[in-house]
Amino acid sequence: MSDSLGFALVGCGRIAQKYSQIFQDGELAGAHLVACCDPKSERAEALAARNAIPHYADYHAMMAAQGDAIDVVCILSESGLHEEHAVDLAPYGKPLVVEKPMALTLEGADRMIAAADAAGVKLFVVKQNRYNLPVQKLREALEDGRFGKIVMGTVRVRWCRRQDYYDQDPWRGTWAYDGGVFSNQASHHIDLLEWCLGEPVSVFAKTRTALVDIEAEDTGVAIVTFKSGAIGVIEATTATRPKDLEGSISILGENGTVEIGGFAVNSMRTWNFTDERPDDAEVLATYAENPPNVYGFGHVRYLQNVVEAIRDGAPSLVDGLEGRKSLELILALYESAVTGREVPLRFSQQAARLGRHG
């Protein structure tokens with residue numbers, strides 16, 4: 001393994017452009033881009049040209065040609081193909097970085113984990129918002145017990161995705177390969193809610209497709225009951241008009257309140273605790289920066305953790321088992337929305353169509 005880890009991208013669509021820009025800007029220490037692949041050759045060719053790397057239409061061909069130079073494979077394809085691609089690529093013995101959601105069914109997630117374990121490779125699931133500095137500060141307060149008894153946590157995703165967004169690719173908004181706002185845009189925020197409030201025990205959700213022509217939902221709300229007794233509220237929509245409004249989380253406890261807003265949970269808005277500390281006055285000023293787009297700043301920090309985990313054995317914040325937790329919650333939301341009933345965790349997917357073909 002060289003001093004700089006070689007990364008390869010599988011899928012050259014929307015999120016791959018974020019990864020490409022990180023490498024172009026030299027933001028990721030100890031890493032460089034080696035190759036990319038996408039069955040849509042024009043996408044792969046364009047990304048490869050910007051990064052001066054070879055491109056391929058098939059990842060097996062890419063691994064055969066560039067395997068010695070590749071140290072990490074990033075799976076950035078449509079959500080419904082993550083399972084297939086991870087299971088296919090694990091035997092090459094390279095750590096896998098999988099974008100959200102890791103899969104669309106629990107069976108798929110379990111096969112990915114099993115394939116990585118069998119090949120002895122690390123499986124990283126991208127939950128970059130956990131690395132946002134305000135979120136890290138919130139987590140620190142939770143671990144310090146500053147909130148006392150948690151009363152409620154709320155996440156809101158109020159983004160704008162018009163029909164032309166869904167029309168970019170035929171898989172967008174489909175049950176078999178994508179899902180709707182819960183499984184796609186709000187998956188990071190749902191993960192944050194669970195990360196902050198702990199184990200969920202039941203969910204009740206309602207969804208609708210309000211402003212676009214897709215199979216899945218563009219709008220949904222849910223109430224989550226947690227083992228601690230805390231109540232979680234999820235509000236998610238891509239039907240905000242005329243532009244993105246917010247991606248936020250708020251935690252309310254008997255001894256404090258924190259709200260992080262902005263477009264991508266990046267801007268500290270409220271930081272109030274009964275037991276005031278000397279640095280509290282500086283928190284709002286220090287952690288108030290809002291990112292230029294909904295991807296936020298967390299990807300670089302997440303990928304830096306990947307590099308450190310591979311090179312130095314540093315612990316990974318989100319592995320396959322951790323990524324599976326929020327997927328189970330998302331599937332329970334869909335099960336509830338279809339059945340009209342409160343759904344307990346753990347459950348067996350029956351009515352929810354996410355990840356199902358036909």
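As the structure is a computational prediction, the values presented were derived from the model and not from experiment.
Between the side chains of R269 and S267, at least one donor N or O lies within less than 3.5 Å of an accepting N or O. If you check the side chains of T237 and D218, you find no donor sitting under 3.5 Å from an acceptor. A donor-acceptor contact closer than 3.5 angstrom is absent between the side chains of Y131 and Q304. Between the side chains of D275 and N255, no donor-acceptor pair of N or O atoms lies under 3.5 Å. Checking E335 against T339 by side-chain atom types alone, no donor-acceptor pair falls below 3.5 Å.
Heavy atoms of other residues, nucleotides or ligands lying less than 6.0 angstrom from CZ of R356 number more than 12. The environment of I223 atom CD1 is sparse: at most 12 non-hydrogen atoms of other residues, nucleotides or ligands sit within 6.0 angstrom. Counting heavy atoms of neighbouring residues, nucleotides and ligands inside a 6.0 Å radius, atom CD1 of I231 does not exceed 12 of them. Heavy atoms of other residues, nucleotides or ligands lying less than 6.0 angstrom from CD of E42 number more than 12. In the displayed structure, D279 atom CG is contacted under 6.0 Å by more than 12 heavy atoms of other residues, nucleotides or ligands.
Residue C12 forms a side chain to side chain contact (heavy atoms under 4.5 Å, CB included) with just one option from R43, E45, K40, H55, and that option is R43. Screening H82, H299, Q128, K18 for a side chain to side chain donor-acceptor pair (under 3.5 Å) involving E99 leaves a single residue, H299. Checking each of V121, V72, N305 against I310 for a side chain to side chain contact (heavy atoms under 4.5 Å, CB included) leaves exactly one that passes, namely V72.
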**OP:** Run the numbers on F226 and V224 for side chain to side chain contact (heavy atoms under 4.5 Å, CB included), then give the verdict.
**Re:** CA-CA 6 Å; F226 288 86; V224 185; 3.6 Å; yes
**OP:** Apply side-chain hydrogen bond (donor to acceptor under 3.5 Å, both in side chains) to the pair Y334 and E217, showing each step before the final yes or no.
**Re:** CA-CA 10 Å; Y334 281 125; E217 85 290 351; 2.8 Å; yes
Original post:
Given T174 and E215, is the side-chain hydrogen bond (donor to acceptor under 3.5 Å, both in side chains) satisfied, shown in steps?
Top reply: CA-CA 5 Å; T174 65; E215 289 181 0; 5.0 Å; no
**OP:** For salt bridge (Lys or Arg N to Asp or Glu O under 4.0 Å), just list the numbers for R158 and E235, CA-CA rounded to whole Å, side-chain angles, deciding distance to a tenth of an Å, and then say yes or no.
**Re:** CA-CA 8 Å; R158 297 170 173 176; E235 175 195 330; 2.7 Å; yes
Original post:
Checking side chain to side chain contact (heavy atoms under 4.5 Å, CB included) for the pair L89/M63: CA distance, chi angles, key distance, verdict?
Top reply: CA-CA 9 Å; L89 286 161; M63 298 305 295; 3.9 Å; yes
**OP:** Go through the steps for Q21 and D25 under the test side-chain hydrogen bond (donor to acceptor under 3.5 Å, both in side chains), then give the verdict.
**Re:** CA-CA 6 Å; Q21 196 62 52; D25 294 344; 2.9 Å; yes
Original post:
Going through the checks in order, is the salt bridge (Lys or Arg N to Asp or Glu O under 4.0 Å) test met by K127 and D319?
Top reply: CA-CA 10 Å; K127 300 291 183 184; D319 60 11; over 6 Å; no
**OP:** Evaluate side chain to side chain contact (heavy atoms under 4.5 Å, CB included) for L47 paired with L33, printing each intermediate quantity in order.
**Re:** CA-CA 11 Å; L47 191 148; L33 199 55; 4.2 Å; yes
**OP:** Please step through ring pair (Phe, Tyr, Trp, His ring centres under 6.0 Å) for the pair Y59 and H85, ending with a clear verdict.
**Re:** CA-CA 9 Å; Y59 50 72; H85 292 171; 4.9 Å; yes
**OP:** Let me see the working for W159 and H189 under ring pair (Phe, Tyr, Trp, His ring centres under 6.0 Å), right down to the final yes or no.
**Re:** CA-CA 13 Å; W159 288 351; H189 307 77; 5.6 Å; yes
Subject >> Worked check of salt bridge (Lys or Arg N to Asp or Glu O under 4.0 Å) between K325 and E322 >> reply: CA-CA 6 Å; K325 291 179 182 178; E322 187 69 12; 3.1 Å; yes
**OP:** Dump the intermediate steps for side-chain hydrogen bond (donor to acceptor under 3.5 Å, both in side chains) on K100 and S326, then the final yes or no.
**Re:** CA-CA 10 Å; K100 57 79 182 170; S326 58; over 6 Å; no
Original post:
Does the pair D191 and N129 meet the rule for a side chain to side chain contact (heavy atoms under 4.5 Å, CB included), with working shown?
Top reply: CA-CA 9 Å; D191 172 72; N129 284 348; over 6 Å; no
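The pair R111-E83 meets the salt-bridge criterion, with a side-chain N (NZ, NE, NH1 or NH2) lying under 4.0 Å from an Asp/Glu carboxylate O. With salt bridges taken as basic N to acidic carboxylate O contacts below 4.0 Å, none links D169 and R14. With salt bridges taken as basic N to acidic carboxylate O contacts below 4.0 Å, none links R277 and E282.
Both L284 and L138 are members of a single hydrophobic cluster when ILVMFWY side chains are connected at heavy-atom separations under 4.5 Å. Under the 4.5 Å side-chain heavy-atom criterion for ILVMFWY residues, no single connected hydrophobic cluster contains both Y177 and V181.
At least one test fails for R172 against the ring of Y166: distance under 6.0 Å to the centre or angle within 45° of the axis. Figure legend: R161 and Y165 shown as a cation-pi pair, the cationic atom lying under 6.0 angstrom from the six-membered ring centre and within 45 degrees of its axis.
Side-chain atoms of R162 and L211, non-hydrogen and from C-beta on, never get closer than 4.5 Å to each other. Side-chain contact between Y56 and D38: absent, with no pair of heavy atoms (C-beta onward) separated by less than 4.5 Å. Using a 4.5 Å heavy-atom threshold, the side chains of L106 and Q349 count as separate. Between L123 and I113 there is a side-chain heavy-atom pair separated by less than 4.5 Å. Here the side chains of V73 and V97 are not in contact, with every heavy-atom distance at 4.5 Å or above.
Nearest heavy atoms, N51 versus S20: ND2-OG, 2.8 Å.
Checked against a 6.0 Å centroid threshold, the rings of F124 and Y302 do not count as neighbours.
At distances below 3.5 Å, at least one donor-acceptor pair connects side-chain atoms of Q17 with backbone N or O atoms of G13.
Between Y92 and H60, the ring planes lie tilted relative to each other; the angle falls in the 30° to 60° range.
Atoms CG and OG, on L354 and S183 in that order, are 5.0 Å from each other to the nearest 0.5 Å. The OG1 atom of T225 sits 10.0 Å away from the CG atom of L345 when rounded to the nearest 0.5 Å. Rounding to the nearest 0.5 Å places CD1 of I190 at 11.0 Å from NE2 of H188.
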